[in-house]
Every structure is written in structure tokens, then in C-alpha cells.
Chemist: 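This is the structure I want to talk about, given as C-alpha cells.
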Amino acid sequence: MKDFADNVRSVVRQIPKGQTATYGTVAAMAGKPGAARAVGTIMKNNFDPTVPCHRVIRSDGKIGEYNRGGPEAKRKLLESEGAI
DNA sequence: ATAATGACGTGAT
DNA sequence: AATCACGCCATTA
């Protein structure tokens, strides 16, 4: 494919463990500042396990959504990694 | 190709 | 602090 989605996945893959990034930040890293919503859309359709999409949270500090068990599972994972 | 949707973000109320 | 309204962009119907 080679589009914004691939770029976003690459960026998210680089997020270190125990650390989190906001959708807006990821979008900016991918080269599309302001495309936070698009990042969410992409993540929703992303099923690649090499991409720690659970490290991506909202800029308000909220967890956001997750397609692998809901926001609760996501929060649990983040706490398990030390990203409190 | 157009319209509607949603793992967001910021500003106004 | 909480809620409402508008904008933003990729995806889906």
C-alpha cells in the first residue's frame, strides 16, 4: 500500500515500551499534523501485532478506544508496561 | 464520485 | 471542571 496508514504503523512501532504517544503526535510524526482522527481510523483497521497501537492515547490523557478488548484492556496493558 | 462515520483535538459555553 | 459545537482526515457504504 505505501500510504499514510503504513507510515503511521511504522511510527507507532517505534514507540518505546513504557511510553505512550498521542494520536496527534503520531499523525505529526507520520507527516500529517492534524490527522489525529485519521490515525484512529487506521488503528481501528490495523491488526498488525508488530504495531503496539495500545501505546497510542488521547491528548487529553484519556485512554481512547481499542479493538482488542476495549479501553479497559488497553489501560491494563499500559500499566503492565509501566506507562502510568 | 458523494455522503456518512469515527480508536481525535481545540475552542467556546 | 464539564459539556457542546466545529474542524480534520482516512475509511467505508
Side-chain angles (χ1 to χ4, degrees):
Chain A
M1 292 270 282
K2 297 296 205 273
D3 49 359
F4 183 61
D6 267 312
N7 216 334
V8 168
R9 284 187 279 237
S10 303
V11 173
V12 175
R13 207 174 301 151
Q14 293 164 46
I15 301 178
K17 177 192 169 211
Q19 188 162 356
T20 58
T22 71
Y23 292 92
T25 301
V26 173
M29 296 269 207
K32 289 281 196 256
R37 201 129 193 196
V39 172
T41 305
I42 292 158
M43 297 280 106
K44 183 164 71 170
N45 282 280
N46 172 56
F47 281 79
D48 194 325
T50 65
V51 176
C53 34
H54 60 268
R55 303 224 179 114
V56 185
I57 63 177
R58 292 186 54 124
S59 74
D60 330 12
K62 299 196 172 187
I63 288 299
E65 279 296 321
Y66 196 47
N67 61 353
R68 284 291 198 279
E72 307 166 40
K74 185 169 169 181
R75 180 170 52 78
K76 212 174 176 182
L77 274 162
L78 289 172
E79 288 193 11
S80 291
E81 293 183 343
I84 327 257

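Order of the sequence lines fixes the chain letters, A, B, ..., with proteins taken first and strands second; residue numbering starts at 1 for each chain.
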Chemist: Under the 3.5 Å rule, do the base of B:dG9 and the side chain of A:S59 count as making a donor-acceptor pair?
Modeler: no

Chemist: What heavy-atom pair brings A:R13 and A:P52 nearest, and what distance separates the two atoms?
Modeler: CA-CD, 3.7 Å

Chemist: Take atom CZ of A:F47 and atom P of B:dA7, then tell me their distance rounded to the nearest Å.
Modeler: 12 Å

Chemist: Below 3.5 Å, does any donor atom in the side chain of A:Y23 face an acceptor in the base of B:dA7, or the other way round?
Modeler: yes

Chemist: Is the closest basic N to carboxylate O distance between A:D60 and A:K62 below 4.0 Å?
Modeler: no

Chemist: When A:V56 is tested against each of A:I15, A:T22, A:T20 for side-chain contact (heavy atoms from CB on, under 4.5 Å), which residue passes?
Modeler: A:I15

Chemist: CG of A:N46 versus P of B:dA7: gap in Å, rounded?
Modeler: 15 Å

Chemist: Measure from CG on A:L78 to C1' on B:dA7 and round the result to the nearest Å.
Modeler: 13 Å

Chemist: Any ion pair linking A:K76 and A:E72 (charged N to carboxylate O, less than 4.0 Å)?
Modeler: no

Chemist: Write down the distance between CG (A:D60) and C1' (C:dA2), rounded to a whole number of angstrom.
Modeler: 12 Å

Chemist: Does A:N45 put a side-chain nitrogen or oxygen below 4.0 Å from OP1 or OP2 of C:dT12?
Modeler: yes

Chemist: When you check the phosphate oxygens OP1 and OP2 of B:dA7, does a side-chain N or O of A:R58 lie under 4.0 Å from one of them?
Modeler: no

Chemist: May I ask you to say what A:A27 touches in the nucleic acid, namely base, sugar-phosphate or nothing, with a heavy-atom cut-off under 4.0 Å?
Modeler: nothing

Chemist: What's the NZ-C1' distance between A:K62 and C:dT3, to the nearest Å?
Modeler: 11 Å

Chemist: A:K74 and A:I63: which non-hydrogen atoms are nearest, and at how many Å?
Modeler: NZ-O, 2.9 Å

Chemist: Between B:dG6, B:dA7, B:dG9, which nucleotide has the shortest distance from any of its atoms to the side chain of A:C53?
Modeler: B:dA7

Chemist: Rounded to the nearest Å, what distance is computed from the NZ atom of residue A:K74 to the P atom of nucleotide B:dA7?
Modeler: 11 Å

Chemist: To the nearest Å, how far apart are A:E65 CD and B:dA7 C1'?
Modeler: 6 Å

Chemist: With the side chain of A:M43 defined as its heavy atoms from C-beta on, choose the nearest nucleotide among B:dA7, C:dT11, C:dC9.
Modeler: B:dA7

Chemist: With a non-hydrogen cut-off below 4.0 angstrom, is A:F4 in contact with a base, only sugar-phosphate, or nothing?
Modeler: sugar-phosphate

Chemist: Between C1' on B:dG6 and CG on A:N67, what's the gap in Å once rounded to a whole number?
Modeler: 13 Å

